[in-house]
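First up is the structure itself, then whatever we jot down about it.
Chain letters run A, B, ... following the sequence lines, proteins first, then strands; residues in each count from 1.
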Number of protein chains: 2
Amino acid sequence: MTPITIYDIAKEANVSVSTVSRVLNDTAPVRASTREKVMAIIEKHQFQPNALARSLIKKETGTIAIILPDITNPFFPEVFWGAENEARDKGYTFFLCNTGGDHSRESEYLTILREKRVDGIIFLGGRINLQHCPEEMAQELIEAGKHLPIVLVNGNIAKSGLHRIYTDEAAGAVLATQHLLDLGHREIAFVGGLKEMATTMVKVKAIQKMLKEHGLEIPKERLLLGDFSIDSGKEQMARLLEQQNPPTAVICVNDYTAIGAIKATIEHGLSIPGDISIVGYDDTPLASAVIPELTTVSQNTYQLGKLAVDVLHDLIGGGKTKKQTALQPELIVRQSTGPARR
Amino acid sequence: MTPITIYDIAKEANVSVSTVSRVLNDTAPVRASTREKVMAIIEKHQFQPNALARSLIKKETGTIAIILPDITNPFFPEVFWGAENEARDKGYTFFLCNTGGDHSRESEYLTILREKRVDGIIFLGGRINLQHCPEEMAQELIEAGKHLPIVLVNGNIAKSGLHRIYTDEAAGAVLATQHLLDLGHREIAFVGGLKEMATTMVKVKAIQKMLKEHGLEIPKERLLLGDFSIDSGKEQMARLLEQQNPPTAVICVNDYTAIGAIKATIEHGLSIPGDISIVGYDDTPLASAVIPELTTVSQNTYQLGKLAVDVLHDLIGGGKTKKQTALQPELIVRQSTGPARR
DNA sequence: CTGAAAGCGCTAACAT
DNA sequence: ATGTTAGCGCTTTCAG
């Protein structure tokens, strides 16, 4: 059980440690016969070189990390999947750091990961998605970025110089709005999302702007924020339906809230899309699981993760890459939207 | 940008490296004044000790890993969440290794993780959930288990001596069956799941056994396996409904297939639970998101993850722990089940 | 093609 | 209370 080292192998093979190292890494020519001899002994003992020792010298660990708010929200596993797949191909192993949306935990992880000498970090959501990220938190990331590659996904730190990948959420909101307009909807509401988060307000603003161009608007009483949960969507939608003059369509901040909205609507005895059209956002697996299937905006989640790793990898390799990479969202029309009732 | 070391700190503070190490780890008394002096310099340079070097000596990395099939299946993030939460409290960081159900990738990760000297591994699903795990694969795990702590979650390798945590799936299936029996159902079907997986067959057998005690059975034509996806559930359910004499209730291998079953049922113009009752398994967030809300069996997912880490932690600490820990499943009655139509 | 030796950055005796 | 020194297990010159 005493962990076997390269020295043990060397001794047993009557060669020097450097020779063993060479066959291990194929870093210099070794005579075929000695190579085989060494290999045999390695096999025999199931020898596993200690990656820590190697990393200590080579100054690279083959490890990257992703810091994200909530892996139980189906949006994130999807991104992770894209990222991990790409990372494995490139020889990295992934630390997954779940913060629960707690910014202080983000800070803790930032420290730990630097100590563990990860080769790079993907920072997804959290503080970088705040409407106003406190200077101190921003500084922390910028500081970290000086010591190791970081790529921000779906968020930003103004003039941090940090690389980022994101989907154009304003464009996505416009897509959804246009879709509803085309269906003849004029009475549109917005439901869900924390007002402190950019992901919420970017959409709201984009929708407002577009509506304005058509002489329309979302009045205050039809702009009901909350958080990103199913319950929140349900709650806000219920409030909407109790109003004198309910909207004919509602855009939700994400699929979770949209599902909540669907539930509230059905409980009120209304039909979708007969009475009310509902649009989600993210195109998580939930969207097609629910009945009626949800019309939603796809963020190209898998691609988001994949690209983040690509950029990070370039950065780690010391290469130059585009600072900004924007992905275009796509409207996925399913069953939850239809012509406006009139 | 040249990474600063404990030596740099020592020199600047006019002390030895051991003193710096001592203030860093609080491993021996240091005069208050020198401690402050050293601390100041550490702060000033934002010095982060190199965890690789430390781990090399201490033979522990503060890192554990979880190997699982598919993080995009909502069951797994839930387990991960429980595990990660507990792990962070205990000072561990988590590698997440997603195998996509590919057993060779499981092997690859096993090797990589051992090289990286993780303190322990949680192995969730995959080969350990096979009805007949090939000897070679089993051996690989057993071998790994000799070198580092491993805990198996929801699966097993016969007489491997490996520790494991699991929910009693047979008991869960019995719960579901009893529930349907109580509601007066006699014509019961089973849908979904790969027949190679224990998670499927354990349930099937438990249900058959129980039905037999009541003079009932699931005839061959009502036992429609497939895989674990929504589509599969939908497909099998459709086949069921085309039969001469459709069942009045169906138990699905998991929530995903149950949702597929719901969709197929509704598309056939039948009502749930009016015409047909449907039971899922896992109680993923999906279960309460769907309409009608799904009656399902909870595996206590969060707890599963938490306990896995607890046991792993004990193992790492060299302590003795129970080899087997079984969690009792719980029936969650929602809206998708009701009295048998007659 | 192969060996000897000097580290990588840190901890842990062992001295003082 | 603090310094000196020998490793941890590996890679990498530098010689041969």
Side-chain angles (χ1 to χ4, degrees), chain A residues 1-39 41-42 45-63 111-112 114-119 147-148, chain B residues 1-39 41-42 45-63 111-112 114-119 147-148:
Chain A
M1 186 79 190
T2 340
I4 158 163
T5 78
I6 202 175
Y7 273 90
D8 304 319
I9 303 292
K11 192 189 298 173
E12 192 166 338
N14 283 311
V15 295
S16 72
V17 291
S18 17
T19 299
V20 177
S21 175
R22 283 178 192 118
V23 345
L24 238 28
N25 302 289
D26 200 39
T27 181
V30 174
R31 197 193 306 151
S33 63
T34 58
R35 147 169 281 114
E36 280 159 27
K37 184 172 57 180
V38 172
M39 282 300 254
I41 298 178
I42 287 177
H45 293 299
Q46 296 249 36
F47 168 64
Q48 318 255 73
N50 186 324
L52 296 171
R54 172 180 293 163
S55 297
L56 189 54
I57 298 171
K58 308 202 51 165
K59 281 135 176 32
E60 59 179 41
T61 54
T63 298
T111 302
I112 292 174
R114 282 180 57 188
E115 291 188 350
K116 294 210 200 269
R117 297 303 192 257
V118 298
D119 292 337
H147 298 280
L148 83 176
Chain B
M1 185 81 192
T2 338
I4 159 165
T5 79
I6 201 175
Y7 275 90
D8 304 320
I9 303 292
K11 192 189 300 175
E12 190 166 336
N14 283 313
V15 296
S16 72
V17 290
S18 24
T19 298
V20 177
S21 174
R22 283 176 191 119
V23 344
L24 239 27
N25 302 289
D26 199 39
T27 180
V30 175
R31 196 192 306 151
S33 63
T34 60
R35 147 168 279 113
E36 278 160 28
K37 184 171 57 178
V38 172
M39 282 300 254
I41 298 177
I42 287 176
H45 292 300
Q46 296 250 35
F47 168 66
Q48 317 257 69
N50 186 324
L52 297 171
R54 171 181 293 161
S55 297
L56 190 54
I57 299 171
K58 309 203 51 166
K59 278 132 177 36
E60 60 179 41
T61 54
T63 298
T111 302
I112 293 175
R114 281 181 58 190
E115 292 188 350
K116 295 210 198 267
R117 298 303 192 260
V118 298
D119 292 338
H147 298 279
L148 81 177

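In this structure, B:Lys116 contributes its side chain and A:Gly62 its backbone to a donor-acceptor pair below 3.5 Å.
Mapping B:Ser16 and A:Leu52 onto DNA chain D by nearest heavy atom places B:Ser16 closer to the 5' end of the strand. Across the interface with DNA chain C, nearest-nucleotide mapping of A:Ala32 and B:Asn50 shows A:Ala32 to be the residue nearer the 5′ end.
The two atoms that bring A:Ser16 and A:Ala10 nearest to each other are C-CB, 3.8 Å, heavy atoms only. The minimum heavy-atom distance linking B:Arg114 with B:Leu148 is given by the pair CG-CD2, 4.0 Å. Between A:Val15 and A:Val38 the shortest heavy-atom distance is CG2-CG2, 4.1 Å. B:Gln48 approaches A:Glu115 most closely through the heavy-atom pair CB-CG, 4.2 Å. Between B:Glu60 and B:Ser55, the shortest heavy-atom distance links the atoms O-OG, 3.1 Å.
Residue B:Thr19 has no polar side-chain atom (N or O) positioned under 4.0 Å from OP1 or OP2 of D:dT2.
No side-chain heavy atom of A:Asn50 sits less than 4.5 Å from a side-chain heavy atom of A:Thr5. Using a 4.5 Å heavy-atom cutoff, the side chains of B:Ser21 and B:Val17 are not in contact. Looking at A:Asp26 and A:Arg35, their side chains come closer than 4.5 Å, going by heavy atoms from C-beta outward. For the pair A:Phe47 and A:Leu24, the minimum side-chain heavy-atom distance is below 4.5 Å.
If you measure from atom CG of B:Asp26 to atom C1' of D:dA1, you get 14 Å, rounded to the nearest angstrom. In this structure, CG of B:Asn14 is placed 12 Å from P of D:dT4, rounded to the nearest angstrom.
Looking only at atom types and distance, the side chain of A:Glu12 has a donor-acceptor partner in the side chain of A:His45 under 3.5 Å away.
When DNA chain C is scanned in the 5' to 3' direction for atoms under 4.0 Å from non-hydrogen atoms of chain A, the outermost contacting nucleotides are C:dC1 to C:dG9.
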A correct 5'-to-3' footprint of nucleotides 11-16 of chain D, with B, S and - meaning base, sugar-phosphate only and no protein heavy atom under 4.0 Å, is SBB---
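A rotation axis mapping the C1' atoms of four pairs onto the next four is fitted at both ends of the helix from C:dC1-D:dG16 to C:dT16-D:dA1 over five pairs, and the angle between these axes is 40° to 10 degrees.
When heavy atoms are screened at a 4.0 angstrom cut-off, A:Thr34 is found touching the sugar-phosphate backbone but no base atom.
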